[in-house]
Amino acid sequence: MFAILPLVLVAVLSFTAWDGISAPRFNGFANWSKLLHDPVMTQSVWLTLLLTALGVVTQTPVSILLGVWAAGHQRNRAVLSAVFFVPLLLSATAISVVWRAVLDPNFGVPSQATWLFGDGNLLGSRSGAIAVLTFVGMWQWTPLHALLYQGGTRAIPQVLYQAAAIDGAGTVRQFFHITLPQLRNTVITSAILMVVGGLTTFDTVLILTQGGPGYDTTVSAYYMYQQAFKSFDFGSGSAIALVLVVVATLISLVVVRLSGYDKMRSTAEGL
């Protein structure tokens with residue numbers, strides 16, 4: 001009712017012309033033909049994939065290191081972990097508003113550090129805007145994935161570390177030869193969540209860049225919003241939404257198949 005039925009309705013709407021007010025009118029493959037020849041749509045897909053890849057590349061190592069550290073028994077670990085996980089308590093909208101104020105070229109941090117940020121208008125160029133979106137996404141979602149890695153690390157049998165210590169393996173060697181292999185399932189789960197989240201990024205783009213400058217940060221989800229709720233072309237918006245669903249599903253299936261995750265039978269982490 002809450003997943004399959006709306007998806008079917010979106011698929012039906014993708015073959016109609018509908019302004020959201022009058023009755024939908026069947027127009028065949030007109031919306032799909034329009035998307036295939038739309039350069040903005042093509043660019044939005046590649047940009048979405050780029051931001052998704054950057055999110056996985058930047059968030060994964062930081063999340064693993066933070067999660068493994070948080071699973072230990074260091075001094076003040078609980079207090080620092082609570083501080084690191086604060087972004088999880090905030091909505092994407094609130095986070096975007098905060099960072100937009102912090103990065104304001106007139107009154108924010110860049111205006112006080114021109115030696116580092118130049119004119120301070122980080123969102124005025126394509127590379128700067130993409131870098132900001134990547135950083136804000138990492139700041140927002142790293143705590144969630146670190147929490148996954150913290151739980152996965154605590155599930156690793158301590159006897160493995162004790163045996164390694166007896167054999168003379170240090171902390172670094174234990175991390176690469178025990179911790180990382182044992183976190184294989186968690187890495188795959190985290191990666192799938194990052195991919196799906198990256199492909200559906202919307203709030204941050206809407207508040208920070210509004211798809212600009214020009215169409216340089218117009219990701220597919222934001223382009224869907226523009227088509228449906230700004231241009232009142234819900235047929236094209238539904239087609240874009242369906243494309244996102246298909247792409248996210250295919251990428252997730254590929255990750256699961258290539259990683260061998262679907263063939264694992266053991267309930268022990270990493271086995």
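All figures in this text were calculated on a predicted structure; none of them were measured in a lab.
When hydrophobic clusters are built by joining Ile, Leu, Val, Met, Phe, Trp and Tyr residues whose side-chain heavy atoms come closer than 4.5 Å, directly or via intermediates, Ile95 is not grouped with Leu147. In terms of hydrophobic clustering, with Ile, Leu, Val, Met, Phe, Trp and Tyr side chains grouped at heavy-atom distances under 4.5 Å, Leu122 and Val98 are assigned to a common cluster. Linking ILVMFWY side-chain heavy atoms closer than 4.5 Å, directly or via other members, places Leu180 and Leu148 in two distinct hydrophobic clusters. When hydrophobic clusters are built by joining Ile, Leu, Val, Met, Phe, Trp and Tyr residues whose side-chain heavy atoms come closer than 4.5 Å, directly or via intermediates, Leu144 is not grouped with Val187. Val109 and Phe107 fall into different hydrophobic clusters, where Ile, Leu, Val, Met, Phe, Trp and Tyr side chains are chained together by heavy-atom contacts under 4.5 Å.
The side-chain hydrogen bond (donor to acceptor under 3.5 Å, both in side chains) pairs that include a residue from residues 42-51 are Ser44-Ser220, Thr48-Ser220, where partners are two or more places apart or lie in different chains. Note on residues 40-64: no pairs pass salt bridge (charged side-chain N to carboxylate O under 4.0 Å, His left out), not counting sequence neighbours. Applying the salt bridge (charged side-chain N to carboxylate O under 4.0 Å, His left out) definition to pairs two or more places apart or across chains, those involving residues 220-237 are Lys34-Asp233. Identified under the ring-ring contact (aromatic ring centres under 6.0 Å, His included) test for residues 120-167, with sequence neighbours left out: Trp99-Phe135, Trp99-Trp139.
By the 4.5 Å heavy-atom criterion applied to side chains, Phe15 and Asn31 are not counted as neighbours. Using a 4.5 Å heavy-atom cutoff, the side chains of Leu133 and Leu51 are in contact.
One distance of note links OG of Ser14 with CG of Leu9; it measures 11.0 Å at 0.5 Å rounding. Annotation: the span from Ser252 atom OG to Ile188 atom CD1 amounts to 12.0 Å, rounded to 0.5 Å. Arg25 CZ to Asp19 CG: the interatomic distance, rounded to the nearest 0.5 Å, is 9.5 Å.
In terms of heavy-atom proximity, Gln227 sits nearest to Ser236 at OE1-CB, 3.9 Å. Looking at every heavy atom in both residues, Gly137 comes nearest to Gln59 through O-NE2, 3.7 Å. Taking every heavy atom of both residues into account, Leu199 and Thr52 meet most closely at N-OG1, 3.5 Å. Residues Pro87 and Gln140 come closest through the heavy atom pair CB-O, 4.0 Å. Across every non-hydrogen atom of Leu183 and Thr153, the tightest pair is CD2-N, 3.6 Å.
Hydrophobic cluster membership of Leu89, counting Ile, Leu, Val, Met, Phe, Trp and Tyr whose side-chain heavy atoms lie under 4.5 Å apart directly or via other members: none, as it forms a cluster of its own. Grouping Ile, Leu, Val, Met, Phe, Trp and Tyr by side-chain contacts under 4.5 Å, direct or through others, leaves Val57 on its own.
For Pro105, the side chain to side chain contact (heavy atoms under 4.5 Å, CB included) partners at least two apart in sequence or on another chain are Asn121. For the side chain to side chain contact (heavy atoms under 4.5 Å, CB included) test, no residue two or more places apart in sequence or in another chain qualifies with Leu36. Remark: Pro6 engages no residue in a side chain to side chain contact (heavy atoms under 4.5 Å, CB included) (not counting sequence neighbours). For the side chain to side chain contact (heavy atoms under 4.5 Å, CB included) test, residues two or more places apart in sequence or in another chain that qualify with Thr58 are Thr134, Met138.
Taking a 6.0 Å sphere around CZ of Arg77, one finds it holds more than 12 heavy atoms contributed by other residues, nucleotides or ligands.
Within the 3.5 Å criterion, the main-chain N or O of Trp18 finds no donor-acceptor partner in the side chain of Ser22. Formation of a donor-acceptor pair under 3.5 Å by the Ser190 side chain with backbone atoms of Thr186 is not found in this model. In this structure, Gln150 contributes its side chain and Ala70 its backbone to a donor-acceptor pair below 3.5 Å. Using a distance-only test at 3.5 Å, with no hydrogens or angles considered, a donor-acceptor pair links the side chain of Thr16 to the main chain of Leu13. Remark: side-chain polar atoms of Asp167 are not paired, donor with acceptor, to backbone N or O of Ala169 under 3.5 angstrom. Looking at Thr60, its side chain does come within 3.5 Å of a backbone N or O of Val56 through a donor-acceptor pair.
Screening Leu88, Val83, Val86, Leu66 for a side chain to side chain contact (heavy atoms under 4.5 Å, CB included) with Pro143, the sole residue that qualifies is Leu88.
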Let me check something: any side-chain donor-acceptor pairs from residues 237-251 under 3.5 Å, sequence neighbours excluded? List them with distances.
unit_1	atom_1	unit_2	atom_2	d
Ser238	OG	Phe234	O	2.7
Thr249	OG1	Val245	O	2.7

For residues 202-218, dump all side-chain donor-acceptor pairs below 3.5 Å to protein atoms at least two apart in sequence or in another chain.
unit_1	atom_1	unit_2	atom_2	d
Thr209	OG1	Val205	O	3.3
Thr209	OG1	Gly211	N	3.3
Thr209	OG1	Thr217	OG1	2.8
Thr217	OG1	Gly211	O	3.3
Thr217	OG1	Gly212	N	3.2
Thr217	OG1	Gly212	O	2.5
Thr218	OG1	Gly211	O	3.0

